[in-house]
Amino acid sequence: MKYVSKLLALFAIGMMATACEDKISEENIPLSVTTPEVSGIQPNSAIVTATAAGSHLIARGICYATTPNPTVDDNKVLASSKDMILTLGGLTKSTTYYVRGFVQTSFDVRYSQQVSFTTLENESAEDDPQLEGPSALRRVSVHDPSIVWDPSTSTYYVFGSHRAAARCNNMMSWEAFTAPWATATSNNASNVDAFTTPVITKVTKGGTEYDLDFNAHAWSARGSASYDIGGMMWAPDVIFNKKMGKWCMYLSVNGDYWYSSIIMLTADNITGPYRYQAPVVMSGARSDDAFNATDMPIVLGETSLPSRYAPSDNYGNHWPNAIDPCVFYDETGKLWMSYGSWSGGIFMLELDEATGLRNYDVTYAESETSDPYFGKKIAGGHYVSGEASYIEYIGGYYFLFMTYGGLEAAGGYQMRVFRSLSPDGPYVDSKGSSAIYNSYQLNFGPTANDGNRGVNIFGAYSNWGYQLTGGAEAASGERAQGHNSIIAAPDGRTYLVYHTRFQNWGEGHQVRVHQVYQNEEGWLVAAPFEYTGEGIKSAGIAAAQKVATADIPGKYMLLTHNYKLDHTAKAYETPVEVTLNADGTISGAKTGTWTTKSGTSYITINIGGEYKGVMVPQTLEPKDVKTPCFTALNSQTGVTIWGYRYAD
């Protein structure tokens, strides 16, 4: 900030003098910070609010420790404005923490009075108050959004293809930004220069060092004489590596004819700049020359390309395209990466937390579902559609999200869900069908013949709430939703984050966020409307009834998310009218029965099949109208339904 001296202010005249005097007044605020208030206490997080003000600040925030009188040298979370609402994450359950607010200048630090709190043994089921509402919604376009939370700033970030990114602190008010690339000579490098020279040029296997100097740009350019990397930086996933103490970005550098690689870049700050460290996995090698340009000789211990990697038929019938990484810690602290796409399927590699790269000492068998180089297959194969694998541990299961179909508005893009008790599978849907295909089958569209694999969490729809057919942006029905991420967030809620196209908006797309719950059977069901600050926590569904039984009867709009929509005709689902009667029957366009489970928010709806789900209050965005809503899954078919009560 530029400062205006008092001397200049004395000589200024008219409005300029007034403006300068006002600015000086603003810049001479005494240092102050109020005593923090702690709320939303969970086993691993808490929300702290305080007000911190002062002139010439270089930092303000909350510091905390397990010993009294924490300072800025202990754990701290920074704030960008004087009204601080900050989340302390990564806490240990059943532990007492001491908290102080602070303001800091270049020559002084002022602390608030100390408060303390003790984290819970188990997650709280109590709701938070409603935050803001639909008026807080701010739209951004980030294709293939991957969600990550930064505890140091209590901010959510989404990173997507073509360097698109956005951030917010409430899952609603998104603001776009661009993370810069770094090289040895620049902190704002071009796309062409960013991926040519890795920092790490040696890797270790079995205690022996091997040279590996991989030019990711040159590798992808092998597929095309006119290669342009501008549109080939796909689907990054960002995670904080606890052992390295770095933010790690795993980025797909795509090329034609499977000449792709997933590389790791690191940064000290989540916003960058990110510098290319080394490759994690490459695809497309079908000759000895290409083989020797990769780490395949190191992994396989071979001096020439094994014949299985140069099949007589299509390479993609057998092997994955090295794109769409998802990197995550399992519940034991082990680091994994799933990746792949249409072609040979989705594979899984175990990573070395110390380096962030593949663990070269982990070996994989050679079989139909495993490969010594590419790792363990967990989904897809034989050129069946499917990309954008994303895995998150939620309520006792590892959930695998896939997106089937083509990404265009008329391409049939649709999210499907599988789950497993282990991070590397096997993954199955609610019908028990495997995520792995043993032969080619069409798995999307009106002529799909794969038995409708994967829970259809939702698909194309319109005329829903205050979303109207024929408009643009938010007023148009959603379609081609996909390439999602999902986060079991520190606030006790689970959020599904995806991009969507619209019924009448060409290929334009935006980010959307829905809260997600588990039904009685442990399967995920998505809230029928966009998240607008509702305070219901995941643990509260099984612990309390969020909509009283007496408030449930009434007229509802019912939407069924069926498989096999005709995407080429841009078909979409629309709701029908039903009535949930006080005697537990359902009448109208569908007939059947409904029941609730006492002391919980679980609801069972029978309308030609049994749907198990949850009943919660929601806001009918974009208006601030609240009403009972349900979301439920028929586990025998994989079909989901949504409903909301409306006034006569």
Worksheet item: With distance as the sole criterion, is a donor-acceptor pair present between the side chains of N191 and W181 under 3.5 Å?
Response: yes

Fill in: Heavy-atom side-chain proximity of F399 to V417 below 4.5 angstrom
yes

Item to complete: With side-chain hydrogen bond (donor to acceptor under 3.5 Å, both in side chains) as the test, would you mind laying out the steps for S146 and S485 before giving the verdict?
Response: CA-CA 5 Å; S146 177; S485 54; 4.9 Å; no

Worksheet item: Considering residues, nucleotides and ligands other than E37, do more than 12 of their heavy atoms fall under 6.0 Å from its CD?
Response: no

Discussion item. Ignoring hydrogens, what is the shortest heavy-atom contact between V48 and P36? Give both atom names and the distance.
Written reply: CG1-CB, 3.6 Å

Practice prompt. Please identify each residue that fulfils ring-ring contact (aromatic ring centres under 6.0 Å, His included) with W174, with sequence neighbours left out.
Written response: none

Worksheet item: Do we get K623 above Y466's six-membered ring, with its NZ or CZ under 6.0 Å from the centre and within 45° of the axis?
Response: yes

Worksheet item: With D127, which residues qualify under salt bridge (charged side-chain N to carboxylate O under 4.0 Å, His left out), at least two apart?
Response: K546

Worksheet, complete the sentence: Sorted by chain and number, sequence neighbours left out, salt bridge (charged side-chain N to carboxylate O under 4.0 Å, His left out) with E392 holds for none

Practice prompt. Considering non-hydrogen atoms only, spot the tightest contact between G613 and N519 and give its length.
Written response: CA-CB, 3.9 Å

Practice prompt. From the options W149, F177, W247, F240, select the one residue that forms a ring-ring contact (aromatic ring centres under 6.0 Å, His included) with Y157.
Written response: F177

Worksheet item: Are Y556 and Y646 close enough that their ring centers fall under 6.0 Å?
Response: no

Worksheet entry | F458 ring center near W642 ring center (under 6.0 Å) | yes

Discussion item. For a 4.5 angstrom cut-off between non-hydrogen side-chain atoms, does W464 reach P575?
Written reply: yes

Discussion item. Just to verify, what does I239 make a side chain to side chain contact (heavy atoms under 4.5 Å, CB included) with, not counting sequence neighbours?
Written reply: C248, Y250, V327, Y329, L335

Discussion item. Within the 4.5 Å heavy-atom criterion, are M615 and P628 side-chain neighbours or not?
Written reply: yes

Worksheet, complete the sentence: S112 and T34 have their tightest heavy-atom pair at CB-O, 3.3 Å

Worksheet item: Between the side chains of S154 and N169, does any donor sit under 3.5 Å from an acceptor?
Response: no

Item to complete: Evaluate the side-chain contact (heavy atoms from CB on, under 4.5 Å) criterion for residues I263 and V280: first the C-alpha distance (whole Å), next the side-chain angles of each, then the deciding distance (0.1 Å), finally the verdict.
Response: CA-CA 5 Å; I263 62 173; V280 183; 6.0 Å; no

Fill in: Under 3.5 Å side-chain donor-acceptor pair for W336 and D330
yes

Worksheet entry | Whether over 12 other heavy atoms sit under 6.0 Å from D268 CG | no

Item to complete: Evaluate the salt bridge (charged side-chain N to carboxylate O under 4.0 Å, His left out) criterion for residues E175 and R139: first the C-alpha distance (whole Å), next the side-chain angles of each, then the deciding distance (0.1 Å), finally the verdict.
Response: CA-CA 8 Å; E175 173 193 31; R139 304 301 190 192; over 6 Å; no

Worksheet item: Partners of S116 by side-chain hydrogen bond (donor to acceptor under 3.5 Å, both in side chains), sequence neighbours excluded?
Response: none

Discussion item. Looking only at the aromatic ring of each residue, does the gap between the centers of Y390 and F328 stay below 6.0 angstrom?
Written reply: no

Worksheet item: Taking only residues two or more places apart in sequence, or in another chain, which ones meet Y274 in a ring-ring contact (aromatic ring centres under 6.0 Å, His included)?
Response: none

Item to complete: Give the intermediate values and the outcome of side-chain contact (heavy atoms from CB on, under 4.5 Å) for residues V614 and I603.
Response: CA-CA 5 Å; V614 302; I603 187 169; 5.6 Å; no

Response to the item:
Rounded to the nearest 0.5 angstrom, the CD-CG distance for Q42 and L88 is 12.5 Å

Discussion item. Strictly by salt bridge (charged side-chain N to carboxylate O under 4.0 Å, His left out), give each pair with a member in residues 493-502 just once, sequence neighbours left out.
Written reply: D128-R493, D491-R493, R501-E507

Discussion item. If we count only N and O atoms by modelled type, under 3.5 Å, do the side chains of S173 and N170 hold a donor and an acceptor together?
Written reply: yes

Fill in: ring-ring contact (aromatic ring centres under 6.0 Å, His included) involving Y517 - partner list, sequence neighbours excluded
none

Discussion item. Is a donor from one side chain sitting under 3.5 angstrom from an acceptor on the other, for Q277 and T266?
Written reply: yes

Worksheet item: Is there a side-chain hydrogen bond (donor to acceptor under 3.5 Å, both in side chains) between S94 and E121 once you walk through the steps?
Response: CA-CA 5 Å; S94 302; E121 171 68 24; 2.6 Å; yes

Worksheet item: Under 3.5 Å, is there a donor-acceptor pair between the Q481 and R479 side chains?
Response: no

Practice prompt. Show the numbers, then the answer: is there a side-chain contact (heavy atoms from CB on, under 4.5 Å) between I487 and T494?
Written response: CA-CA 6 Å; I487 183 171; T494 300; over 6 Å; no

Fill in: Check against side-chain contact (heavy atoms from CB on, under 4.5 Å), F418 and V455
CA-CA 7 Å; F418 303 83; V455 168; over 6 Å; no

Item to complete: Please list, chain by chain and in numerical order, all residues satisfying salt bridge (charged side-chain N to carboxylate O under 4.0 Å, His left out) with K626, sequence neighbours excluded.
Response: D624

Worksheet item: Which atom pair, heavy atoms only, marks the closest approach of M171 to C168?
Response: N-SG, 3.2 Å

Please tabulate, for side-chain N and O atoms in residues 61-75, each donor-acceptor pair with protein atoms closer than 3.5 Å (sequence neighbours left out).
unit_1: T71; atom_1: OG1; unit_2: D73; atom_2: N; d: 3.1
unit_1: D74; atom_1: OD2; unit_2: T71; atom_2: N; d: 2.9

Discussion item. Using 0.5 Å steps for rounding, measure from the CZ atom of F117 to the OG1 atom of T95.
Written reply: 9.5 Å

Practice prompt. Sort and list the pairs that fulfil side-chain hydrogen bond (donor to acceptor under 3.5 Å, both in side chains) and have at least one residue in residues 393-403, not counting sequence neighbours.
Written response: none

Practice prompt. Using distance alone, with no hydrogens and no angle criterion, decide if T532 and E621 have a side-chain donor and acceptor under 3.5 Å apart.
Written response: no

Item to complete: Count the heavy atoms of every other residue, nucleotide or ligand shown that sit under 6.0 Å from NZ of K612, and state whether that count exceeds 12.
Response: yes

Worksheet item: What's the shortest heavy-atom distance between P236 and G160, and which atoms?
Response: CD-O, 3.2 Å

Response to the item:
The single option from H483, H514, H509 that satisfies ring-ring contact (aromatic ring centres under 6.0 Å, His included) with Y498 is H514

Fill in: Electrostatic pair K597:E520 at N-O distance under 4.0 angstrom
yes

Practice prompt. Check the side chains of D150 and T155 for a donor-acceptor pair under 3.5 angstrom, ignoring hydrogens and angles.
Written response: no

Fill in: Exercise: identify the closest heavy-atom pair between Y156 and A489
OH-CB, 3.4 Å

Worksheet item: Rounded to the nearest 0.5 Å, how far apart are OG1 of T619 and OH of Y644?
Response: 13.5 Å

Fill in: Residues forming a salt bridge (charged side-chain N to carboxylate O under 4.0 Å, His left out) with K243, sequence neighbours excluded
none

Fill in: L120 CG: over 12 foreign heavy atoms closer than 6.0 Å
yes

